[in-house]
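Read the structure below first, then the notes.
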2 protein chains.
Amino acid sequence: MPSVVSFQSSSALQGLAGGAKPGTEQLRRQNLITVLSALRRSGAMSHTGLSVETGLASATVTAVTADLERAGAIERQEQAVSGGRGRPRVMLSPRRSFAHVAAVQISSDAVHYALADYRGTLIDRFSTRRDLEGTPASLLDEVSGAVKRLMERSRLKPEDVSALSLSSKGIVDAEAGRLVWSPVFGDRPVDFAKLLDDLPQAQLALNNETLLVAHAKASRQMQDADAPDFSGLITLSLGHSIGLGIARLDGQGSLAVTAPNFGHMLNAVDDRLCRCGSRGCIEATAGFYGILRLAFQVPPNTIPARFVPLAEMEKIALSARQGTRMAQYAFRQAGLALGQGLSRVLSLYENMPVAITGPGTRFYDLLAGGMEEGLRQSLHVRLNGLPHIDIEPDEAGLVFDGHVDRALAAVDQRVMAVR
Amino acid sequence: MPSVVSFQSSSALQGLAGGAKPGTEQLRRQNLITVLSALRRSGAMSHTGLSVETGLASATVTAVTADLERAGAIERQEQAVSGGRGRPRVMLSPRRSFAHVAAVQISSDAVHYALADYRGTLIDRFSTRRDLEGTPASLLDEVSGAVKRLMERSRLKPEDVSALSLSSKGIVDAEAGRLVWSPVFGDRPVDFAKLLDDLPQAQLALNNETLLVAHAKASRQMQDADAPDFSGLITLSLGHSIGLGIARLDGQGSLAVTAPNFGHMLNAVDDRLCRCGSRGCIEATAGFYGILRLAFQVPPNTIPARFVPLAEMEKIALSARQGTRMAQYAFRQAGLALGQGLSRVLSLYENMPVAITGPGTRFYDLLAGGMEEGLRQSLHVRLNGLPHIDIEPDEAGLVFDGHVDRALAAVDQRVMAVR
DNA sequence: AGATATTTTCTCGACTGTCGAGAAAAACAA
DNA sequence: TTGTTTTTCTCGACAGTCGAGAAAATATCT
């Protein structure tokens with residue numbers, strides 16, 4: 001297994017000390033965020049609860065929560081019927097209206113909109129079908145209008161929205177807020193930064209969808225008390241395209257999430273054309289259109305469909321389960337490509353469990369054999385054994401959680417920076 | 001490109017606050033190490049120099065250096081001929097005898113020993129030829145004896161050696177100090193932890209050789225003032241086996257170095273047997289023995305030699321340069337495998353420059369074509385362009401630097417922890 | 001030689017922030 | 001009413017960093 005060591009860099013030291021943080025203020029900010037995120041995780045906590053949860057001294061909790069309350073980020077819950085003896089505890093929780101997050105999940109055939117408050121609870125949501133013939137500009141218009149609608153329906157003013165979190169499949173330039181490559185638009189970029197024109201206070205986040213899935217799944221596992229100590233995980237999203245997210249704890253114990261370009265990682269040198277224009281991408285074999293192409297023996301240099309309806313895939317799966325050779329073969333090849341690709345990811349990182357999500361999970365029975373075969377072809381798997389794989393069908397839920405979790409954390413960072 | 005985001009984990013927060021660090025002490029430790037590492041980087045610095053370099057206030061530097069001097073970790077240099085006007089500056093530097101590091105580089109055909117002081121300067125070194133017929137036990141004995149010899153020659157007592165840093169090719173369990181898989185011993189493990197029996201004060205570090213190369217190369221680039229801002233790099237070591245190291249700055253700005261199992265990452269599904277027992281490893285095509293096998297058209301299911309002398313490779317290279325088809329083909333295939341593998345690494349991380357080291361660098365002219373072809377097969381390279389590749393023939397120097405850098409940093413950490 | 005300028009190092013008081021202990025508060029029970 | 005219990009809050013101590021300016025040590029000028 002690759003050994004991972006964290007190490008101090010000179011530039012970091014300069015950055016930390018030479019930055020705008022006069023000494024101990026850094027520490028205070030850290031504790032503000034610590035308390036805030038603990039509070040959001042459990043919804044509501046008492047003073048003492050926070051103390052044990054964060055490890056901070058009770059006096060420190062007092063100071064920190066006083067700050068937060070003054071800033072309006074948290075509030076005391078009134079009716080505190082503890083029931084037991086002793087002074088009743090006052091529950092603290094994030095103040096709902098302190099900030100709002102608009103989450104926009106752009107998928108191949110639809111766009112899902114959701115609004116959450118500062119507690120992270122869902123306030124409103126709706127979806128629109130996506131016009132597959134649209135342009136980047138039309139998509140931007142549509143999203144812009146829908147976000148306005150989201151605000152109107154909840155009577156929010158533009159400045160009430162503190163974060164706009166977008167996700168899409170494809171390749172993303174997170175800093176610039178640009179979608180660099182996407183299944184629908186190819187390399188016609190989409191410049192989401194423009195959406196901020198209507199939202200003066202908001203900060204933009206644009207992430208690959210699978211990154212959010214990995215983030216959410218990892219967060220859940222870290223909160224799970226009875227789970228074994230978490231060190232990292234891989235999420236694999238199976239659908240029309242293939243996504244992969246990696247979440248791991250780095251040296252400092254913070255969670256680093258990446259969404260590498262797995263679907264278009266080179267798998268085998270074959271003649272299967274991918275819609276990205278390359279040949280031999282994993283997706284060209286394991287994406288829905290790749291499976292369909294193999295099953296129907298369409299020539300490998302054609303892209304069969306821009307979008308394969310799930311019903312179509314179900315038909316192929318049914319025929320595979322009934323014994324049709326080519327359908328079985330198609331799924332097996334898909335599994336093989338996934339397994340080989342995963343084995344490479346495992347070789348390059350350490351051993352991690354894998355969670356599979358997306359509509360493709362319903363064909364896992366047909367993919368499993370090939371995946372295992374592909375995994376077993378590498379030394380890494382021979383030495384460390386097969387990774388633990390589990391199936392998580394509710395991808396949309398994870399995406400939403402990821403949106404909210406990350407966006408609110410970013411809001412916390414920004415708010416605590418100014419104080 | 002994959003987006004990388006750093007994020008706070010709950011466990012980390014607990015760990016930080018709930019740990020043994022009462023409040024601001026953490027901060028002080030950080031500053032101690034900051035100063036110490038700045039001091040080691042530049043050899044000697046004045047008070048004011050430290051202040052600007054670390055960004056700490058002058059008063060803080062006074063406090064910190066006083067601590068360090070009291071602990072014996074640094075000393076003031078006497079003759080301080082500044083030449084200019086004003087009060088002459090006193091130079092501070094790490095005290096040479098404060099700690100010593102023994103570095104042991106185990107390569108396929110030799111073992112190199114080196115001893116460095118707390119300033120990081122080389123005190124002594126020698127090499128022994130390696131007995132290829134040896135066992136793990138005999139290797140341990142040999143290393144143990146050689147380390148004793150290293151200490152005797154510099155008149156060091158066992159407790160003067162604060163760190164023993166080992167490196168080898170192969171797969172390493174850094175925490176346990178065990179070599180899990182190596183080219184020479186296969187999966188007969190080597191338990192280096194036993195070496196500590198003779199060195200009561202020392203802490204053991206066992207790293208993949210390429211990890212040290214990546215670390216050292218990255219450190220050099222980060223110190224390089226005129227270099228563009230560093231964000232990460234890949235080092236690729238070409239030789240009898242293939243090694244790859246990745247160094248990148250994580251969210252907190254610290255350097256995270258890994259040495260994934262690249263040589264045995266699955267490349268293509270072919271019948272080329274690797275000495276690890278799998279088929280299709282990159283090494284089976286791009287390692288020296290793989291090139292030799294292809295060039296001489298040895299059947300792909302045989303391992304031609306345990307160790308290929310460099311002279312043998314030079315002969316093949318010469319004949320390739322003179323136009324021999326099979327020799328050219330062998331190098332091209334090797335380059336292709338490397339390029340494809342690199343393209344996968346780049347897909348999985350972000351775009352990074354690549355530094356190639358090891359004896360195989362002298363055949364780079366023959367490999368370059370295939371590498372470029374392999375790289376170009378992926379969407380990632382099509383979008384981001386070819387990575388910048390440079391050649392760094394002095395692998396041994398980087399390995400030594402890596403040993404010393406990491407080991408001394410670890411010593412710092414440990415020493416500052418107790419205070 | 002003595003005064004002055006210059007540069008560097010060190011000291012002092014202020015400030016921020018955390019911590020432990022114990023006081024105060026707010027309920028229930030006798 | 002008087003304890004008991006549990007939780008919250010306050011207070012003084014402590015650790016650490018910072019800015020400003022004093023002190024130190026040398027070169028240069030007169």
Side-chain angles (χ1 to χ4, degrees), chain A residues 13 16-35 39 44-70 74-92 416 419, chain B residues 13 16-35 39 44-70 74-92 416 419:
Chain A
L13 306 176
L16 185 145
K21 312 295 142 8
T24 57
E25 181 171 328
Q26 179 84 337
L27 186 51
R28 165 54 73 98
R29 276 239 307 274
Q30 168 80 344
N31 284 341
L32 284 173
I33 290 175
T34 299
V35 166
L39 222 40
M45 287 185 93
S46 71
H47 226 131
T48 39
L50 275 172
S51 180
V52 302
E53 182 69 18
T54 62
L56 296 167
S58 166
T60 309
V61 173
T62 311
V64 169
T65 52
D67 262 26
L68 289 173
E69 206 176 348
R70 209 175 309 124
I74 64 173
E75 63 190 353
R76 327 164 77 84
Q77 249 154 4
E78 293 316 317
Q79 26 70 16
V81 184
S82 71
R85 214 135 107 139
R87 175 171 176 171
R89 49 186 137 194
V90 278
M91 295 308 245
L92 302 168
M416 296 310 120
R419 271 225 288 171
Chain B
L13 306 177
L16 185 146
K21 312 297 144 5
T24 57
E25 183 172 326
Q26 179 84 338
L27 185 51
R28 167 52 74 99
R29 277 240 306 273
Q30 168 79 345
N31 284 343
L32 284 172
I33 290 175
T34 300
V35 168
L39 224 38
M45 289 186 92
S46 70
H47 228 126
T48 38
L50 275 172
S51 180
V52 302
E53 181 70 19
T54 62
L56 295 168
S58 166
T60 309
V61 173
T62 312
V64 168
T65 52
D67 262 27
L68 288 173
E69 205 176 349
R70 209 175 310 124
I74 66 172
E75 62 189 356
R76 326 164 77 85
Q77 248 156 3
E78 292 318 317
Q79 26 70 15
V81 184
S82 71
R85 209 134 111 142
R87 177 172 176 170
R89 47 187 139 195
V90 278
M91 295 308 243
L92 301 169
M416 295 309 120
R419 267 226 291 171

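The basis for the numbers below is simple: all heavy atoms, side chains too, and nothing from hydrogens, waters or symmetry mates. First the proteins, then the strands, lettered A, B, ... as listed; each starts at 1.
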With heavy-atom distances below 4.5 Å as the criterion, would you say the side chains of Leu50(A) and Leu39(A) are in contact?
yes
How many whole angstroms separate atom CG of Leu32(B) from atom P of dA15(D)?
15 Å
Residues Met45(A) and Glu53(A): closest non-hydrogen pair is CE-CB, 3.6 Å
Please report the end-to-end axis angle for the helix from dA1(C)-dT30(D) to dA30(C)-dT1(D), five pairs per end, rounded to 10 degrees.
40°
Separation of dT17(D) C1' from Leu50(B) CG (nearest whole Å)
16 Å
Take atom CD of Gln77(A) and atom P of dT8(D), then tell me their distance rounded to the nearest Å.
13 Å
Minimum-distance nucleotide to Arg76(A) side chain [options: dC19(C), dT17(D), dT8(D)]:
dT8(D)
Any heavy-atom pair between the side chains of Val64(A) and Leu68(A) that's under 4.5 Å?
yes
Measure from CG on Leu92(B) to P on dC10(C) and round the result to the nearest Å.
8 Å
Distances under 3.5 Å between nitrogen or oxygen atoms of protein and nucleotides 6-8 of chain C:
unit_1 : atom_1 : unit_2   : atom_2 : d
dT6(C) : O4'    : Arg85(B) : NE     : 3.4
dT7(C) : O2     : Arg87(B) : N      : 2.8
dT8(C) : O4'    : Arg87(B) : O      : 3.4

Counting just side-chain N and O atoms, does Asn31(B) come under 4.0 Å of either OP1 or OP2 of dT17(D)?
yes
Are the side chains of Gln26(B) and Leu27(A) in contact, using a 4.5 Å heavy-atom criterion?
no
Quick one: is Thr24(A) getting a side-chain N or O under 4.0 Å of the dG16(D) phosphate, OP1 or OP2?
no
For Ser51(B) and Ala57(B), work out which heavy atoms get closest and say how close.
OG-C, 4.0 Å
Using the test side chain to side chain contact (heavy atoms under 4.5 Å, CB included), find all partners of Ser46(B) that sit at least two apart in sequence or belong to another chain.
Thr48(B), Arg89(B), Met91(B)
Are His47(B) and Ser58(B) close enough, and set up right, to give a side-chain hydrogen bond (donor to acceptor under 3.5 Å, both in side chains), and what steps lead you there?
CA-CA 7 Å; His47(B) 228 126; Ser58(B) 166; 5.4 Å; no
Answer with yes or no whether Ser58(B) presents, from its side chain, a donor or acceptor under 3.5 Å of a partner atom in the base of dC18(D).
no
